[in-house]
There are 2 protein chains.
Amino acid sequence: MEMTQPLASFDPHVIERPLTTVDVVIFTVLEQRLHVLLVLRPDTPEEPFKGMRALPGGFVDMQKDDDLEGCARRKLQQKTGVRSPYLEQVGSWGGIKRDPRGWSATHVYFALLPATESPEDGTPSSDAKWFPIENQRVSVKLAFDHAKLLEAAIQRLRNKVEYTSLPAYLLPEEFTLSDLQHMYEVVLERSIEKSAFRTRVFAANLVEPIDKVRAGPNRPAQLYRLSQPKEIVYFPRTFSPRKI
Amino acid sequence: MEMTQPLASFDPHVIERPLTTVDVVIFTVLEQRLHVLLVLRPDTPEEPFKGMRALPGGFVDMQKDDDLEGCARRKLQQKTGVRSPYLEQVGSWGGIKRDPRGWSATHVYFALLPATESPEDGTPSSDAKWFPIENQRVSVKLAFDHAKLLEAAIQRLRNKVEYTSLPAYLLPEEFTLSDLQHMYEVVLERSIEKSAFRTRVFAANLVEPIDKVRAGPNRPAQLYRLSQPKEIVYFPRTFSPRKI
DNA sequence: CTAAGTTAGTTGCACAGTATCACTAATTGA
DNA sequence: TCAATTAGTGATACTGTGCAACTAACTTAG
């Protein structure tokens, strides 16, 4: 670690430090569409982007937060009440231009919530609302560089959905294969072949059947749960030798 | 953005801010092995982890650095002299425990250098040295949580190599297909089928032939360059419909 | 000049996974 | 009882890769 002024390297307390925040992109699927939770910026004259929509987030609290992920979980619980959804870091963005109050760095996470757990239409913290995502964007204008952050999160989600079990985290514990396929289709915004999907899901050992079916006005569907609830499953990739 | 003390939300200058650093994991391939550039921690009593090896990096300079990536490029050039190699963010790690001087957040990037551009065996800044990577690790003990950061960078690299053109950035502008295949094999630490590799590379339109061959003690090899030198190419994934 | 050695590059076939599509199964409600 | 609807299966074609044997083009040793 090199420093311009020698002093700085001796006493890190005098080093200028950026404003440090965490923002969380919270996804859920409502009404056949991917939605993201957005909050209202406070409407005080001191706050930048007052009254606009923004990603839930805020300054790291060096007393409360042991680490960045803890900070993200805290903000997530404040806004949704949900404790342990799927949470993954997207990356960090920092620079002089992104916040009028000065050099700042934000750490972006995305979370996946089952619609059943996502605060019922309205939300616990009243300033938060679900917005549908249409071609990588949301219809309202966002504060700071949050449009860019949101786009990156969507990109990451879409990308990863192609070869992982991520969409399963958008469902409650018990679900049918059609439910699961539907989540893939909603996130990827394209239809998937039923037969290929099923063989793939079984081959990856993604789910296991439970002793229940879902009844309805037509043929009942077998219910499943995740085989490894805590781990995401990767579908086979390429460049893999046939013999192990 | 919510605050504990109302004051804080009005004057961000009084908000406690973490120490903010950028660390760069610089990869190259030397002698058939993946190597990473490590520097020596200064040997002054004021610095933590004195005399140990660490990833090149250091505090963000809010005067010099417009943004995090700029900071990473600056540090990269200081240590290697190289201006525009492949550079990608791995993620950020922040918390109370990772630096004895207090709450800190680091932003980790990885860079890929052609062996030809990587400072000749020795290095410009004399405290930096190349270390070979053996099963996700380096043989020396690293300062801070840099072992973890390095592992994450290696993981990301390995993962992405499976389905992208990344290893091409470990080669000079002109290379043979055998060179390219060799880079894949070194990074993935396994051999790849020549024929399948070639059809894959051509199908993805990764390279284009130039009007030169490399002579040698045996059959001369066609030289190629990247088709899209500025973009990484993704190999086809799954869940893709056959008809477009 | 030729044969051996070496690396570059091609070809053909086997095999696995998935796309596509047509089919069967199980329920409700008219 | 039949139409409608969704669940689930099966058969086949296609595509990309694994694998192995082949041909090609050069250098060097004799």
Side-chain angles (χ1 to χ4, degrees), chain A residues 32 161-165 167 171 174-186 188 190-225 233-244, chain B residues 32 161-165 167 171 174-186 188 190-225 233-244:
Chain A
Q32 330 268 37
V161 161
E162 296 275 359
Y163 59 94
T164 68
S165 61
L171 290 170
E174 302 179 351
F175 51 85
T176 69
L177 282 190
S178 299
D179 290 343
L180 186 58
Q181 182 177 345
H182 188 233
M183 288 299 121
Y184 276 87
E185 292 176 331
V186 165
L188 295 176
R190 72 163 188 266
S191 60
I192 292 176
E193 257 304 307
K194 183 169 52 162
S195 173
F197 178 77
R198 296 171 91 92
T199 43
R200 234 182 106 121
V201 166
F202 290 134
N205 192 32
L206 203 156
V207 297
E208 56 190 25
I210 61 174
D211 210 25
K212 274 198 248 177
V213 291
R214 175 179 305 160
N218 38 42
R219 177 173 173 172
Q222 176 64 48
L223 282 166
Y224 293 86
R225 66 170 164 228
V233 175
Y234 289 78
F235 293 109
R237 297 283 192 80
T238 42
F239 276 145
S240 23
R242 196 163 287 165
K243 293 170 190 167
I244 314 162
Chain B
Q32 331 266 37
V161 161
E162 297 274 359
Y163 59 95
T164 68
S165 60
L171 290 170
E174 303 179 351
F175 50 85
T176 69
L177 281 190
S178 299
D179 291 342
L180 186 58
Q181 183 177 342
H182 188 233
M183 288 299 120
Y184 277 87
E185 291 176 332
V186 165
L188 295 176
R190 72 165 189 264
S191 59
I192 292 175
E193 257 304 306
K194 182 168 54 165
S195 171
F197 179 77
R198 296 171 91 92
T199 42
R200 234 182 107 118
V201 166
F202 289 135
N205 192 32
L206 203 156
V207 297
E208 56 190 24
I210 60 174
D211 208 24
K212 274 199 248 178
V213 291
R214 175 180 305 160
N218 38 41
R219 178 172 173 172
Q222 176 66 48
L223 282 166
Y224 294 85
R225 68 171 164 229
V233 176
Y234 289 78
F235 292 109
R237 296 286 192 79
T238 42
F239 277 145
S240 21
R242 198 162 283 164
K243 294 171 189 166
I244 314 162

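Order of the sequence lines fixes the chain letters, A, B, ..., with proteins taken first and strands second; residue numbering starts at 1 for each chain. No hydrogens, no waters, no symmetry mates; every other heavy atom, side chains included, goes into these values.
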Here the pair of heavy atoms bringing A/Phe197 nearest to A/Ile192 is CB-CG2, 3.8 Å
Between the CZ atom in B/Arg200 and the OH atom in B/Tyr184, the distance rounded to the nearest 0.5 Å is 7.5 Å
With the side chain defined as heavy atoms from C-beta on, B/Ala221 is closest, among C/dG9, D/dT9, D/dA20, to C/dG9
When rounded to whole Å, the CD1 to P distance for the pair A/Ile192 and C/dC21 reads 16 Å
From CD of B/Gln222 across to C1' of C/dT10 the rounded distance in Å is 15 Å
Rounded to whole Å, CZ of B/Arg200 lies from P of D/dG16 at a distance of 11 Å
The answer to which of A/Ser178 and B/Lys194 contacts DNA chain D further toward the 5' end, by nearest nucleotide, is A/Ser178
Distance col, row B/Tyr224:OH vs B/Leu171:CG, nearest 0.5 angstrom, shows 14.0 Å
In whole angstroms, the gap separating P of C/dT6 from NE2 of B/His182 amounts to 17 Å
Quick tally for nucleotides 24-30 of chain C: nucleotides whose base has a protein heavy atom under 4.0 Å get B, sugar-phosphate-only ones S, the rest -, giving -BBBS--
Using a 3.5 Å distance criterion without hydrogens, assess whether the side chain of B/Gln222 forms a donor-acceptor pair with backbone atoms of B/Ile210. yes
Closest non-hydrogen atoms of B/Ala215 and B/Pro220, given as atom of the first, atom of the second and distance, are CA-CB, 4.4 Å
B/Tyr184 OH to D/dT17 P, in whole Å, measures 12 Å
Over all strands shown, is A/Thr199 touching base, sugar-phosphate only, or nothing at heavy-atom distances under 4.0 angstrom? nothing
Exercise. Give one of base, sugar-phosphate or nothing for A/Ser195, where a contact means two heavy atoms less than 4.0 Å apart.
Key: base
Between the CG atom in A/Leu223 and the CG atom in A/Asp179, the distance rounded to the nearest 0.5 Å is 8.0 Å
Taken to the nearest 0.5 Å, the spacing of B/Gln181 CD from B/Ser178 OG works out to 6.5 Å
Heavy-atom nearest pair, A/Leu180 first then A/Pro167, reads CD1-C, 4.3 Å
note: B/Glu193, atom CD; C/dC15, atom P; distance rounded to Å ~ 15 Å
Sorted by number, residues from residues 204-215 of chain B placing a heavy atom under 4.0 Å from DNA chain C are none
Taken to the nearest whole Å, CD/B/Gln181 to P/C/dG9 is 11 Å
The residue among A/Arg225, A/Lys212, A/Arg214 that forms salt bridge (charged side-chain N to carboxylate O under 4.0 Å, His left out) with A/Glu174 is A/Lys212
note: B/Phe175, atom CZ; C/dA8, atom C1'; distance rounded to Å ~ 16 Å
